[in-house]
S.K.: 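Structure provided below as structure tokens; questions to follow.
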Number of protein chains: 2
Amino acid sequence: MEKRVFKDKAYSILATMVKAMANPHRLEIVDLLGQGEKTVEEIAGETGMSVANTSQHLQVLKSANLVEIRREGNFINYKLTHEEIYKSWQNLRELGLNHIAEMEKLVKDFREKRNSLEALKIDELLTKMKSKNVVVLDIRPETEFQNGHITGAINIPIEELATQLKNLPKNKEYVAYCRGPFCVFADEAVAVLNKKGYSAKRLNEGFPDWVLKGLPVSYSKAS
Amino acid sequence: MEKRVFKDKAYSILATMVKAMANPHRLEIVDLLGQGEKTVEEIAGETGMSVANTSQHLQVLKSANLVEIRREGNFINYKLTHEEIYKSWQNLRELGLNHIAEMEKLVKDFREKRNSLEALKIDELLTKMKSKNVVVLDIRPETEFQNGHITGAINIPIEELATQLKNLPKNKEYVAYCRGPFCVFADEAVAVLNKKGYSAKRLNEGFPDWVLKGLPVSYSKAS
DNA sequence: AATCTATTCAATAATTATATTGAATAGTTG
DNA sequence: CAACTATTCAATATAATTATTGAATAGATT
């Protein structure tokens, strides 16, 4: 095969894969599936899209082999085909967060209103976990927590936070995390906690980022 | 700002960036600019595109802040705005190379014909460089070599290989590298060397990958 | 200032991507 | 097997992407 033909094919194959990611909805789906498998309906619900549109975007991801399905009764569960796919997304996400001014401003404005601007990096949390009496809060839905969570974290889904406050002593330091930098459960939790007089910050990254760093993870069986 | 609005904006900003990469020609340009800055004409020449089309694609990359320009007389030099951009490309490239069957087959077929299938990884080259009498050949054009190369490598641009053979002893082991996995200078060099009875393999990765690993690099001034 | 040169722009045509709607399908449940 | 449910498909309209052509521009050279 000739040189130029080879290159054209190589870059085309890769561009096809990149194109499959090059859409806001599909990036959000990839981000969401970093938590584990989800049904079409769940994905539609989380992303605010219609089911038909969600399905169509999932087909695009599936054609590019970025996601695969597992049938379970009437439901079809989608998941990422490889962990590396989340890694690539994470990489692109960091590129945007670090170098697109518009992106920085968007996150800053959003977090300022929720007192969650002063966020911790994973490395900073690790230091705190060793030396301080810090409580790590997982603000994701219960099923995602059961699927895997930071070892030592306690699960308080955002809707339960208000009623759980009475069990949280005020003399501790709180770090809230959820799915990733664009997951706002943690921001909402920090807003509530700070308002009630707690010392709370959010973790910049989310659970999948913790996993990719090879840090300790625990699971809990559904009851 | 409302939750959904925030997410829509965040994923849209990132999708705009990813879209800027989601094209075979633009991926090739990003790959090429990993070697350092190039003029529009040079990029057009290397990629086999018309100058007008190249310019148009460069505008797309520039709008996304992936590349920036430096004027020099009549010429405009394009370069990547950040090293992380190459890193993201590298990441996507590896994803494709490892998980797209079509991609694996393409590379395998191409290299089999050139006896360059048995390629070394950077880590393997490092081991060899310590213990063996290996000669590292940089097959890129002279200007790219001068801009930075693997410390200890000698530069033999592909057109000069035939005439330089007389200076290469046959009792050594040769490892040829160029720009990256899709750069075929190294494959061509390996094909020539093996045909002439040398023991030669190509390096899987290219010079930018060596740099991103933080390995030793040398420069040479233009004469 | 006139000419030259590298690059960009504008207009076009062809192709591809997207969201919406409602119908079709495949598997489950009664 | 009929009814149901989750998902996919097909058709449509609108919008975005791409390569080509030739003209325009901005800076350098004479």
Side-chain angles (χ1 to χ4, degrees), chain A residues 4-5 7-9 11-30 32-33 37-79 143, chain B residues 4 7-9 11-30 32-33 37-79:
Chain A
R4 180 62 7 229
V5 177
K7 289 195 180 186
D8 284 349
K9 285 187 182 173
Y11 291 110
S12 290
I13 293 170
L14 285 169
T16 302
M17 184 188 79
V18 178
K19 263 186 192 144
M21 297 197 203
N23 172 279
H25 294 306
R26 294 200 293 271
L27 285 181
E28 187 171 4
I29 292 173
V30 168
L32 184 61
L33 293 183
E37 60 176 28
K38 303 250 178 229
T39 65
V40 179
E41 228 181 354
E42 285 171 329
I43 297 166
E46 292 277 0
T47 58
M49 302 166 72
S50 73
V51 169
N53 198 17
T54 303
S55 173
Q56 207 158 310
H57 283 295
L58 284 167
Q59 297 314 305
V60 175
L61 291 170
K62 189 157 153 260
S63 305
N65 270 296
L66 295 173
V67 303
E68 60 189 6
I69 61 174
R70 185 180 65 85
R71 209 172 183 120
E72 197 183 13
N74 257 344
F75 295 87
I76 292 183
N77 289 275
Y78 278 84
K79 65 175 166 194
T143 52
Chain B
R4 184 48 23 219
K7 290 194 181 186
D8 284 349
K9 286 187 183 174
Y11 291 111
S12 291
I13 293 170
L14 286 169
T16 302
M17 183 187 78
V18 178
K19 262 185 193 147
M21 296 196 204
N23 173 279
H25 294 306
R26 293 198 295 269
L27 285 181
E28 186 170 4
I29 292 173
V30 169
L32 184 61
L33 293 183
E37 60 175 27
K38 302 247 179 230
T39 65
V40 179
E41 228 179 356
E42 284 170 332
I43 298 166
E46 291 277 1
T47 58
M49 303 165 71
S50 74
V51 169
N53 199 16
T54 302
S55 173
Q56 207 158 308
H57 282 296
L58 284 168
Q59 297 315 304
V60 175
L61 290 170
K62 189 156 153 261
S63 305
N65 269 295
L66 295 173
V67 302
E68 61 190 5
I69 61 174
R70 185 181 66 85
R71 207 168 185 125
E72 199 183 10
N74 256 344
F75 295 87
I76 293 183
N77 288 275
Y78 278 84
K79 66 175 165 193

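Convention: sequence-line order gives letters A, B, ...; per-chain numbering from 1. From a predicted model like this one, the values you see are computed outputs, not experimental measurements.
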S.K.: Write down the distance between CD (A:Glu72) and P (C:dA26), rounded to a whole number of angstrom.
M.R.: 20 Å
S.K.: I need the CZ-C1' distance between B:Arg26 and D:dT18, as an integer number of Å.
M.R.: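 For the pair B:Arg26 CZ and D:dT18 C1', the rounded distance is 9 Å.
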S.K.: If I take atom CE in residue B:Met49 and atom P in nucleotide C:dT7, what distance separates them, rounded to the nearest angstrom?
M.R.: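 Spelled out: CE on B:Met49 to P on C:dT7 is 14 Å.
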S.K.: Pick the closest DNA chain D nucleotide for A:Lys62 and for A:Lys19 by heavy atoms, then say which residue is nearer the 5' end.
M.R.: A:Lys62
S.K.: Run the numbers on A:Leu33 and A:Lys79 for side-chain contact (heavy atoms from CB on, under 4.5 Å), then give the verdict.
M.R.: CA-CA 6 Å; A:Leu33 293 183; A:Lys79 65 175 166 194; 5.6 Å; no
S.K.: For A:Gln59, is there any backbone N or O sitting under 3.5 Å from a side-chain donor or acceptor partner on A:Ser63?
M.R.: yes
S.K.: Given that A:Arg71 and B:Ser55 both sit by DNA chain C, which one's nearest nucleotide is further toward the 5' end?
M.R.: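 Final value for this comparison: B:Ser55.
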S.K.: For side-chain contact (heavy atoms from CB on, under 4.5 Å), just list the numbers for A:Glu42 and A:Phe75, CA-CA rounded to whole Å, side-chain angles, deciding distance to a tenth of an Å, and then say yes or no.
M.R.: CA-CA 10 Å; A:Glu42 285 171 329; A:Phe75 295 87; over 6 Å; no
S.K.: I need the CG-P distance between A:Leu27 and C:dT18, as an integer number of Å.
M.R.: 11 Å
S.K.: So does B:Asn23 get a side-chain nitrogen or oxygen closer than 4.0 Å to the phosphate oxygens (OP1/OP2) of D:dT18?
M.R.: yes
S.K.: Counting side-chain heavy atoms from CB outward, which of D:dA6, C:dG22, C:dA6 is closest to A:Ala52?
M.R.: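 So the nucleotide nearest the side chain must be C:dG22.
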S.K.: To the side chain of B:Phe75, which of C:dT18, D:dT7, C:dA6 is closest?
M.R.: C:dA6
S.K.: NA contact type, A:Gln59, heavy-atom cut-off 4.0 Å: base, sugar-phosphate, or nothing?
M.R.: sugar-phosphate
S.K.: Checking contacts here: which listed nucleotide (D:dT8, C:dT8, C:dT18) is nearest the side-chain heavy atoms of B:Val51?
M.R.: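 Nearest nucleotide to the side chain: C:dT8.
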S.K.: Can you measure A:Arg70 atom CZ to D:dT7 atom P for me and round it to whole angstrom units?
M.R.: 12 Å
S.K.: From D:dA19, D:dT7, C:dG27, pick the nucleotide closest to the side chain of A:Asn74?
M.R.: C:dG27
S.K.: In whole angstrom, what separates B:Met21's CE from D:dT18's C1'?
M.R.: 19 Å
S.K.: Would you say B:Tyr78 reaches C:dT8's phosphate, i.e. side-chain N/O to OP1/OP2 under 4.0 Å?
M.R.: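 The answer is yes; a side-chain N or O of B:Tyr78 sits under 4.0 Å from OP1 or OP2.
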S.K.: Quick one: label A:Thr54 by what it contacts on the DNA or RNA (base, sugar-phosphate, nothing), any heavy atom closer than 4.0 Å.
M.R.: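 No contact.
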S.K.: Which whole-number value in Å describes the distance from A:Glu37 CD to D:dT7 P?
M.R.: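 So the two atoms are 12 Å apart, to the nearest Å.
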S.K.: Given D:dT7, D:dT8, D:dA11, identify the nucleotide with an atom nearest to the side chain of A:Gln56.
M.R.: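 Taking heavy atoms from C-beta onward, the closest nucleotide is D:dA11.
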S.K.: Expressed as a whole number of angstroms, how long is the span from A:Leu58:CG to C:dA19:C1'?
M.R.: 15 Å
S.K.: Take A:His25 and B:Asn77, find for each the nucleotide of DNA chain C with the closest heavy atom, and name the residue whose nucleotide sits nearer the 5' end.
M.R.: B:Asn77
S.K.: Is it true that a side-chain atom of A:Arg26 and a backbone atom of A:Lys19 form a donor plus acceptor pair closer than 3.5 Å?
M.R.: yes
S.K.: For the pair B:Glu28 and A:Arg4, find out whether any cationic side-chain nitrogen is under 4.0 Å from an anionic carboxylate oxygen.
M.R.: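 A salt bridge is present here (some side-chain N lies under 4.0 Å from a carboxylate O).
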